[in-house]
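Taking it in order: structure first as structure tokens, then the write-up.
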Amino acid sequence: MGVAYENGEGVSRSPREARSWYCRAAIQGLEDAWYNLGWMYVNGCGVAPDDDVARYWLKKSAAAGNAQAAQVLKMIGGKSGARNGCNYVATLPWLKQRCTDPDCRNIVRMVENLSQEYDLDANLVLSVIRFESGFNVRAHSPKGASGLMQLIPETAVRFGVRDIWDVEQNIRGGMAYLRWLLAYFKGDLVKALAGYNAGERRVLQYGGVPPYRETRGYVKRIIRDYGKSFHRYDLRWLDEDSRPVQGLVSGRDAALPAGKG
């Protein structure tokens with residue numbers, strides 16, 4: 001599919017779709033996709049040229065015995081690192097079983113597109129949605145949280161959401177808050193997720209995850225699902241709203257502390 005979209009073979013040519021399919025294949029270990037991604041980023045084929053990302057994939061391809069990849073590596077600059085250009089592609093294994101209907105697939109595609117704008121890993125956002133709402137766009141909690149990312153009215157207003165039931169606005173609001181928290185806690189995903197569930201004031205109050213069963217379970221499940229405890233961040237994200245709220249952000253931290261009931 002990646003080759004088909006890259007060359008317009010039987011489908012409309014779309015380098016963006018090609019990259020998405022190459023990423024899915026590459027993450028599953030298909031060596032041809034490693035080289036194809038490296039080549040795309042060397043030459044800027046439908047993506048911004050990026051020698052760092054190109055080097056990531058070409059090194060893997062060369063190590064697997066691709067002589068052409070080894071030759072290209074000698075010709076480019078870039079630094080070896082963890083950036084691979086595929087953070088905006090959803091690769092969570094449970095998506096194949098969980099997202100089988102068109103509505104859910106549309107949500108995944110929307111998250112992938114918005115993740116590029118918000119510089120968040122699509123897998124992280126989808127893990128949050130999974131445990132917040134179970135992909136139910138009409139989800140509404142007794143404590144007033146609504147939609148896919150379970151925004152409460154205060155958080156929605158804080159991050160510019162006018163219609164909390166509009167799917168895209170709801171996702172945008174949740175992503176804006178999530179990346180603000182990541183900047184505020186300098187990439188510490190455990191604290192950021194605890195803040196999303198219980199409010200950043202509670203995280204500051206307890207110096208970490210508050211002692212609430214709901215919050216602790218929530219953080220543990222998403223970290224396990226996503227597979228990482230750190231996410232890149234940019235301090236400029238704090239410009240969206242640099243003030244920690246004085247009250248409870250989510251209104252969902254009223255659960256009893258662990259061990260008390």
Side-chain angles (χ1 to χ4, degrees), residues 1-6 10-12 14-30 33 37 46-47 84-141 145-151 155-156 161 163-179 181-182 189 192-193 196-197 214 217-229 231-232 250 252:
M1 289 298 295
V3 172
Y5 276 110
E6 185 176 8
V11 294
S12 297
S14 173
R16 185 171 184 172
E17 286 291 335
R19 185 193 69 160
S20 294
W21 283 102
Y22 285 149
C23 281
R24 292 183 177 93
I27 290 169
Q28 293 178 38
L30 276 71
L37 276 169
V47 297
N84 62 19
C86 290
N87 296 319
Y88 312 127
V89 177
T91 57
L92 293 165
W94 51 264
L95 281 170
K96 291 182 179 179
Q97 292 76 37
R98 176 63 182 79
C99 279
T100 57
D101 62 89
D103 289 340
C104 191
R105 290 197 295 269
N106 287 337
I107 291 170
V108 172
R109 182 56 57 87
M110 184 179 293
V111 167
E112 287 182 326
N113 290 335
L114 293 176
S115 290
Q116 298 180 63
E117 180 179 338
Y118 286 86
D119 196 18
L120 294 173
D121 288 4
N123 285 340
L124 172 60
V125 179
L126 290 168
S127 293
V128 170
I129 289 175
R130 179 189 187 186
F131 291 107
E132 284 288 350
S133 63
F135 288 86
N136 178 6
V137 298
R138 304 305 298 177
H140 185 70
S141 79
S146 304
L148 287 172
M149 301 203 70
Q150 289 292 276
L151 302 180
T155 304
V161 176
D163 182 357
I164 205 168
W165 293 112
D166 179 89
V167 173
E168 181 175 338
Q169 288 189 44
N170 191 282
I171 294 174
R172 283 182 177 276
M175 291 173 77
Y177 184 32
L178 185 58
R179 77 172 185 175
L181 288 164
L182 285 165
L189 188 53
L193 290 171
Y196 194 95
N197 180 263
E214 176 190 324
Y218 173 88
V219 171
K220 184 177 180 180
R221 287 193 297 271
I222 294 179
I223 292 292
R224 182 175 60 235
D225 192 62
Y226 175 54
K228 302 175 185 177
S229 58
H231 189 288
R232 64 192 174 280
S250 69
R252 290 177 290 168

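What's counted below: heavy atoms across the whole structure, side chains too, no hydrogens, waters or symmetry copies. Treat the numbers as computed from the prediction; the structure is a model and nothing was measured.
With Gln150 contributing its side chain and Ala139 its backbone, the two residues share a donor-acceptor pair below 3.5 Å. Remark: side-chain polar atoms of Asn170 are paired, donor with acceptor, to backbone N or O of Met149 under 3.5 angstrom. The backbone N or O of Pro102 lies less than 3.5 Å from a partner atom in the side chain of Asn106, making a donor-acceptor pair. Checked by atom type and distance alone, the side chain of Ser20 pairs as donor or acceptor with a backbone atom of Arg16 at under 3.5 Å. Side chain of Ser127 to backbone of Asn123: a donor-acceptor contact under 3.5 angstrom is found.
Interatomic distance, CG of Leu114 versus CD1 of Ile171, reported as 6.5 Å (0.5 Å rounding). With rounding to the nearest 0.5 Å, the separation of OG in Ser141 from CD in Glu132 is 9.0 Å.
No salt bridge links Arg19 with Glu6; every basic N to acidic carboxylate O contact stays at or beyond 4.0 Å. Salt bridge annotation for Asp225-Arg130: present, with a cationic side-chain nitrogen under 4.0 angstrom from a carboxylate oxygen.
Heavy-atom minimum distance, Ile223 versus Ser229: CD1-CA, 3.9 Å.
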Candidate pair Tyr218 and Phe131, rule ring-ring contact (aromatic ring centres under 6.0 Å, His included), full reasoning:
CA-CA 7 Å; Tyr218 173 88; Phe131 291 107; 7.5 Å; no
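The side chain to side chain donor-acceptor pair (under 3.5 Å) test applied to Tyr226 returns Asp121, not counting sequence neighbours. Glu112 pairs by the salt bridge (charged side-chain N to carboxylate O under 4.0 Å, His left out) definition with Arg24, Arg109, not counting sequence neighbours.
Between Leu120 and Leu182, the closest side-chain pair of non-hydrogen atoms falls below 4.5 Å. Between Met1 and Tyr22 the shortest side-chain heavy-atom distance does not fall below 4.5 Å. When side chains are defined from C-beta on, Asp119 counts as touching Arg232, because their heavy atoms get closer than 4.5 Å.
Between Phe135 and Trp94, the ring planes are perpendicular. Angles over 60° get that label, and only those under 30° would be called parallel.
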